[in-house]
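Whatever order the structure lists them in is the order used to number ligands and atoms, beginning at 1. As the structure is a prediction and not an experimental result, all values here were calculated from the model. For the single chain, residues carry numbers from 1 onward in sequence order.
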Amino acid sequence: LEVTGAPIFSEGRKWKGVVLVFHDISELKHLEQMRKDFVANVSHELKTPITSIRGFSETLLDGAMKDEQMLEQFLQIILKESGRLQSLIQDLLELSKLEREDFLLNIEKVDVQRLLHDLLPIVEQHAEQKGVQLQASVEGETIIRGDSSRLKQVFMNLLANAINYSRDHGDVSLTFREKEETVMISISDNGVGIPEDEVPRIFERFYRVDKARSRNSGGTGLGLAIVKHIVEAHHGNIHVESVVDQGTTFHVEIPKKFTEN
Ligand code: ADP
């Protein structure tokens, strides 16, 4: 709480009273704290792969590269860690674009089922590597107004998560439903699930239930923050049902007509 005050005088310069202004700055303080946390998180996320890239390069230069097996193994690590840096920077740039006040969607006619259908071959390989069965029921044609490349990003992220947080030989399904004014796309997995008290937090930047699992699968911790931004920019909503050790479903609902703000 910030307080400023000023005396009031009546005619004849007689002191009459005082005005006190109470300013609630808790919201500002909160925003400032969030900004600080974000900078700290980004720095930490950047530092980890850089430390590893430096460490392995130095070890190689100190002589380890004479051993061919080590050379290959360390170069693989360096490649993986630099890939991680690249994804992180890409996601950060994307988030900062989405958060700009003058950010606009590129609204056009989108056939949602075709869009979903076209994503399947892209995630299929990822699913196969994990031995995950991917099932999709997206036949038909439903035209809505939206930003097709941003909507693709939403479903790619959710499908990638469903596969990453599946158990080996799990099942992932993608379903489409048309409602009167909206379309509803659901992505389900029978994987690790999310503890109930952590569900509201998974859309926060860098929040992860299991840090090691997320990093191992190449996750940046920013995917769902990006997803939520895009869905809300379409005036849609996203909600999660999850049971630990049983699985998770993300439902995304998007209005068919796009309304300008
Ligand atoms: P990440 O890059 O870590 O996957 P996200 O923002 O996409 O970042 O997701 C945040 C966290 O939410 C993940 O680290 C994971 O703990 C949890 N999560 C997301 N999707 C799922 C899912 N389908 N099943 C279980 N947990 C999930």
Residue pairs fulfilling side-chain hydrogen bond (donor to acceptor under 3.5 Å, both in side chains) with at least one residue in residues 123-140, sequence neighbours excluded: His126-Asn164
All ring-ring contact (aromatic ring centres under 6.0 Å, His included) counterparts of Tyr207, not counting sequence neighbours: none
Residue Arg208 excluded, over 12 heavy atoms near CZ under 6.0 Å: yes
Other residues, nucleotides, ligands: >12 heavy atoms within 6.0 Å of Arg213 CZ: yes
With sequence neighbours excluded, residues passing side-chain hydrogen bond (donor to acceptor under 3.5 Å, both in side chains) with Glu241: His251
Side-chain donor-acceptor pair present, Gln73, Gln69, cut-off under 3.5 Å: no
Under 4.0 Å from ligand 1, counting heavy atoms only: the protein residues, by chain and number: Asn161, Ala162, Tyr165, Asp189, Val192, Gly193, Ile194, Ile202, Tyr207, Arg208, Val209, Asp210, Ser214, Gly219, Thr220, Gly221, Leu222, Gly223, Leu224, Thr248, Phe250
